[in-house]
Each structure stands twice: as C-alpha cells, then as structure tokens.
Chemist: 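My structure is below; once you've seen it, I'll send some questions.
Keep in mind it's a predicted model, so treat the numbers as computed, not measured.
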Amino acid sequence: MPQSNDVQVSVLMICYNHERYLSQAIESALSQQTSFPFEILIYDDKSTDSSRVLISRYQEQHPDIIKCIFPIENQFSKGKSPLCDFLIPAASGKYIAELECDDAWVGTNKLQTQFDYMESHTEVALCAHSAELYNDTTGKIDGIASGCARAMTFSTQDLIMRGGAALPTCSYFSRTSDMKNYLQWRPNNCPVGDWPMMLYLSTCGSVVCLPEVLGLYRVAVASSWTGWRSANADATAKFDKRMLGMIDELISKMPSEFHASLRAKQAEYFFDLAFRADVSVKKLEEELDYRLKVSSAQLLNLRIKLVIKRIVNALGLMPLVERMMILRASK
C-alpha cells in the first residue's frame with residue numbers, strides 16, 4: 001500500500017466478543033494490495049473476551065493504518081449504532097468498505113477491484129460482491145452468497161423483498177459522502193442497520209453485485225445476529241415489533257412507488273410476531289392497533305405459512321428450519 005496521507009478507502013470493522021475470528025478478519029484487511037492508501041477503523045463495543053487486547057496488538061504493529069475506537073461502556077445496549085454513531089463519522093476516505101469482525105475477505109485484490117469499479121461507474125452507489133458462506137458449526141463452505149455469473153444490478157424493489165440478506169455485509173463498498181448523508185436520513189427506530197442502508201443507497205444510485213468471490217461470510221455464529229435470532233424467541237418477538245415501527249418510518253421516507261412492497265414486508269414481520277408471541281392475528285391487530293394493508297392473496301399466503309410454522313414448532317423442528325431458512329436467504 002502506498003504511504004500517503006491521502007486516504008482513499010476507510011475500512012470499517014465492528015467487533016463484539018469476536019476473539020476467535022479477529023486475527024483472520026484483520027489480517028485479511030491488512031493483506032490488501034492497492035494502488036492507494038487506506039485506513040482501518042476498528043470499533044470494539046466493550047467486549048468481555050480478549051478482543052481489545054488483540055486489536056491493540058495489531059494497532060501497535062500498524063499504527064499508520066489501524067485506528068481503534070474503544071468506548072468505556074457497551075453502546076449497543078444503550079441504543080447506539082457502532083457503525084452510524086461512531087465509525088461512519090470517523091471515516092476520512094473517499095469510499096467506505098465494511099467488514100464485521102466475524103467475517104473476512106478472500107484474496108488480496110478485494111479493495112482494488114471495488115475501488116476501480118466505483119471509479120469507472122460513477123452511477124453506482126453501492127458495490128457488493130459474492131462471498132463464501134462458511135458454516136461456523138460444521139467448518140465447511142455451504143455455498144456462495146449472492147453468486148452470479150456477471151455483474152448484477154439490484155433494484156430497490158429487489159432489496160425490499162430480499163431484506164438484509166440480499167447482499168453479504170462484508171462486501172459493502174460505498175461512497176463516504178452518501179453514507180454520511182444516510183446518517184441524517186436513517187430511521188430513528190433502527191433494529192437493523194444493513195437493510196435500511198441498502199434501501200437508501202438504492203435511491204442514490206445503482207446497487208451492483210460483482211461475480212468475484214471476495215469475501216467469507218460466516219453463518220451459524222452464536223454471537224452473530226443470525227445466531228441470536230435463532231436462539232431467542234422472546235427477543236425476536238421484540239425485534240419484530242421494532243421492525244414494524246421501522247418500516248412505518250421507511251414508508252414515510254421513501255417514494256410512494258415502494259409503499260406497497262414495504263407494507264407486504266411489514267406484514268411478514270407482523271405474522272412472525274404473531275408466531276413468536278403465540279397469539280392470534282386478530283388479537284395482535286387489536287393489541288397493536290394495526291391493520292394489514294396487503295392483498296387477499298398475500299394475506300392467505302401469510303396465514304398458511306403461520307399454520308405451517310406452528311405445526312413445525314410443535315414438532316420441535318423450528319430451530320433447524322430457521323437455520324435452513326437463514327442459509328437459503330443468504331444465497
């Protein structure tokens with residue numbers, strides 16, 4: 001990497017109890033061969049393992065590249081976003097590349113590939129790429145996330161219906177100016193960060209996924225969001241309720257052409273909440289003063305899925321099915 005103060009890419013890394021994966025993640029970022037200087041900003045949200053010790057060691061070895069952000073207290077539990085409240089404001093590069101500390105990059109040309117693409121395609125707001133799906137439980141590659149034979153464009157409608165699993169977060173590469181504007185646009189109630197961010201960027205320009213496999217995206221990680229969702233039914237019910245509120249905000253912020261699709265997505269979370277809370281749809285509508293605004297065909301489909309989920313849960317198979325669904329959504 002050229003030695004210069006003119007940073008072109010800010011690599012933003014989020015850590016919480018990721019000591020098992022940290023070295024692989026950091027070294028995959030440090031190994032990038034580029035024609036431009038880049039910085040690595042690592043935020044640790046007061047991990048209770050040895051993550052900070054490892055991060056500090058890497059920072060001491062690479063003081064010109066790695067910068068640490070170590071809050072005194074855990075900020076996620078206080079409703080703060082490590083990415084939006086700390087890392088994006090600190091980014092100084094023209095572009096932002098994201099890498100959570102339980103994932104990694106594959107090869108040494110990931111940053112250069114996306115940098116070159118964005119430089120030559122000024123209409124693109126978010127550049128992603130394919131990634132290996134690494135099963136942390138089995139230690140095997142389960143497939144390829146967002147696999148494609150050639151560069152593929154995702155519309156806003158695509159991203160609404162696919163949700164946060166549309167593109168692996170370790171592949172995000174965007175313009176810092178757009179990301180800092182997103183901080184003013186993002187919903188106040190934001191239980192997830194990737195999905196609303198993708199939707200916003202899709203209104204700034206094109207969202208493109210490159211066919212090159214340049215990342216490793218872990219699934220079945222206990223400390224990850226997917227692992228947390230599979231293991232905590234009550235917390236997931238609260239999450240679903242927050243998602244209903246966030247989608248209300250998205251409807252108020254996004255053009256009217258996307259409102260029907262957002263309401264359809266909202267209905268999915270509503271029915272999942274009915275399942276998690278083990279109440280009838282009618283009772284939940286009364287409790288939340290909520291009215292479903294979807295077609296009769298969509299409503300019938302959701303009711304059938306709810307019945308199936310309750311049967312599967314009664315048979316004790318729901319954890320297995322949910323892991324399979326998460327894996328399928330990532331592909």
Chemist: Distance-only, no hydrogens or angles: does the Asp194 side chain make a donor-acceptor pair with backbone N or O of Ala165 under 3.5 Å?
Modeler: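 Checking the backbone N and O of Ala165 against the side chain of Asp194, no donor-acceptor pair under 3.5 Å is found.
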
Chemist: Hey, does the side chain of Ser47 reach the backbone of Asn17 with a donor-acceptor pair shorter than 3.5 angstrom?
Modeler: yes

Chemist: With a 4.5 Å heavy-atom cut-off, do Arg276 and Lys238 have their side chains touching?
Modeler: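 Of all side-chain heavy-atom pairs linking Lys238 with Arg276, none is under 4.5 Å.
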
Chemist: Which pair of non-hydrogen atoms, one from Pro211 and one from Ser130, has the smallest distance, and what is that distance?
Modeler: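 Closest heavy-atom pair between Pro211 and Ser130: O-OG, 3.5 Å.
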
Chemist: Is Glu119 salt-bridged to Lys94, cutoff N-O under 4.0 Å?
Modeler: yes

Chemist: I'd like to know if Ile26 and Leu214 are part of one continuous hydrophobic network [Ile/Leu/Val/Met/Phe/Trp/Tyr, side-chain heavy atoms within less than 4.5 Å].
Modeler: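 No, because Leu214 and Ile26 fall into different hydrophobic clusters, even though each may have its own neighbours under 4.5 Å.
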
Chemist: State, yes or no, whether a side-chain contact exists between Ile160 and Leu250 at a heavy-atom distance under 4.5 Å.
Modeler: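 No, too far: nothing below the 4.5 Å cut-off.
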
Chemist: Do Ser92 and Glu39 get their side chains close enough for a donor-acceptor pair, meaning under 3.5 Å?
Modeler: yes

Chemist: Is a salt bridge present between Asp102 and Arg218, judged by a nitrogen-to-oxygen distance below 4.0 Å?
Modeler: no

Chemist: Using side chain to side chain contact (heavy atoms under 4.5 Å, CB included), reason through Met243 and Met246 one step at a time and then give a plain yes or no.
Modeler: CA-CA 5 Å; Met243 286 297 292; Met246 188 187 79; 3.7 Å; yes

Chemist: Going by heavy atoms in the side chains, are Asp272 and Thr236 under 4.5 Å from each other?
Modeler: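 Yes - at least one pair of side-chain heavy atoms lies under 4.5 Å apart.
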
Chemist: Indicate whether the side chain of Glu19 and that of Ser50 have a donor and an acceptor atom separated by less than 3.5 Å.
Modeler: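 There is such a pair between these side chains.
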
Chemist: Check the pair Phe36 / Asp6 against side chain to side chain contact (heavy atoms under 4.5 Å, CB included), numbers first and verdict last.
Modeler: CA-CA 8 Å; Phe36 53 84; Asp6 188 19; over 6 Å; no

Chemist: Has Ser171 got a side-chain atom pairing as donor or acceptor with Cys127's backbone, closer than 3.5 angstrom?
Modeler: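 No; judged by distance alone, with no hydrogens or angles, the pair does not exist.
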
Chemist: For Arg175 and Thr122, which heavy atoms make the closest approach, and how far apart are they?
Modeler: NH2-CA, 3.4 Å

Chemist: In the structure I gave you, are the side-chain heavy atoms of Ile14 and Asp45 within less than 4.5 Å of one another anywhere?
Modeler: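 Heavy-atom side-chain distance check fails, nothing below 4.5 Å.
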
Chemist: Answer yes if the side chains of Arg263 and Gln298 hold a donor-acceptor pair under 3.5 Å, and no otherwise.
Modeler: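 The criterion, which ignores hydrogens and geometry beyond distance, is not satisfied for Gln298 and Arg263.
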
Chemist: Is it true that Gln112 and Thr34 share a donor-acceptor pair across their side chains at a distance under 3.5 Å?
Modeler: no

Chemist: Would Phe76 end up clustered with Leu12 when hydrophobic side chains under 4.5 Å apart are linked, directly or stepwise?
Modeler: no

Chemist: Test of understanding: clusters of I, L, V, M, F, W, Y form through side-chain heavy atoms closer than 4.5 Å, transitively. Do Met161 and Val294 belong to the same one?
Modeler: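 Linked within one cluster.
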
Chemist: Scan Tyr172, Phe154, Tyr200 and name whichever one has a side chain to side chain contact (heavy atoms under 4.5 Å, CB included) with Leu126.
Modeler: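 The side chain to side chain contact (heavy atoms under 4.5 Å, CB included) with Leu126 is passed solely by Tyr172 among Tyr172, Phe154, Tyr200.
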
Chemist: Determine whether Ile40 and Lys67 make a side-chain contact, defined as any pair of heavy atoms from C-beta on separated by less than 4.5 Å.
Modeler: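 No, every pair of side-chain atoms sits at 4.5 Å or beyond.
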
Chemist: Rounded to the nearest 0.5 Å, what's the gap from CG on Leu87 to CE on Met13? Could you check?
Modeler: 10.5 Å

Chemist: With a 4.5 Å cut-off on side-chain heavy atoms, are Trp105 and Val11 touching?
Modeler: yes

Chemist: Flag yes if more than 12 heavy atoms outside Arg150 fall under 6.0 Å of its CZ atom; otherwise flag no.
Modeler: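 Atom CZ in Arg150 is not crowded, with 12 or fewer foreign heavy atoms closer than 6.0 Å.
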
Chemist: Check the angle between the aromatic planes of Tyr269 and Phe239 and answer parallel, tilted or perpendicular using the 30° and 60° thresholds.
Modeler: perpendicular

Chemist: Does NZ belonging to Lys180 count more than 12 external heavy atoms closer than 6.0 Å?
Modeler: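 Correct, the count exceeds 12.
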
Chemist: Salt bridge check: are Asp248 and Lys293 linked by an N-O gap of less than 4.0 Å?
Modeler: no

Chemist: Are any of the side-chain heavy atoms of Met198 and Val207 separated by less than 4.5 Å?
Modeler: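 The answer is no; the side chains never approach within 4.5 Å.
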
Chemist: State whether a side-chain donor-acceptor pair under 3.5 Å links Tyr134 with Asp136.
Modeler: no

Chemist: Any heavy-atom pair between the side chains of Trp195 and Ile247 that's under 4.5 Å?
Modeler: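 Yes, side chains in contact.
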
Chemist: Please test Tyr21 against Cys101 for side chain to side chain contact (heavy atoms under 4.5 Å, CB included), starting from the C-alpha separation and ending with a verdict.
Modeler: CA-CA 7 Å; Tyr21 318 111; Cys101 288; over 6 Å; no

Chemist: Can you classify the ring geometry of Tyr58 versus His62 as parallel (below 30°), tilted (30 to 60°) or perpendicular (above 60°)?
Modeler: parallel

Chemist: Is Asp49 paired with Arg20 through a side-chain N to carboxylate O contact shorter than 4.0 Å?
Modeler: no

Chemist: Please assess Leu284 against Phe271 for the test side chain to side chain contact (heavy atoms under 4.5 Å, CB included), listing each intermediate value before the final yes or no.
Modeler: CA-CA 9 Å; Leu284 191 59; Phe271 270 78; over 6 Å; no

Chemist: Going by ring-ring contact (aromatic ring centres under 6.0 Å, His included), Tyr43 matches just one of Tyr16, Phe86, Phe70. Which one?
Modeler: Phe86

Chemist: Using the six-membered ring wherever Trp is involved, compare the ring planes of Tyr95 and Phe115 and label them parallel, tilted or perpendicular (cut-offs 30° and 60°).
Modeler: perpendicular

Chemist: May I ask you to decide whether Lys283 forms a salt bridge with Glu286, counting only side-chain N to carboxylate O separations under 4.0 Å?
Modeler: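 Judged by the 4.0 Å cut-off on N to carboxylate O distance, Lys283 and Glu286 do not form a salt bridge.
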
Chemist: Could you tell me if Gln157 and Ser261 have a donor-acceptor pair between their side chains, going purely by distance under 3.5 Å?
Modeler: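 Yes, a side-chain donor-acceptor pair sits under 3.5 Å.
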
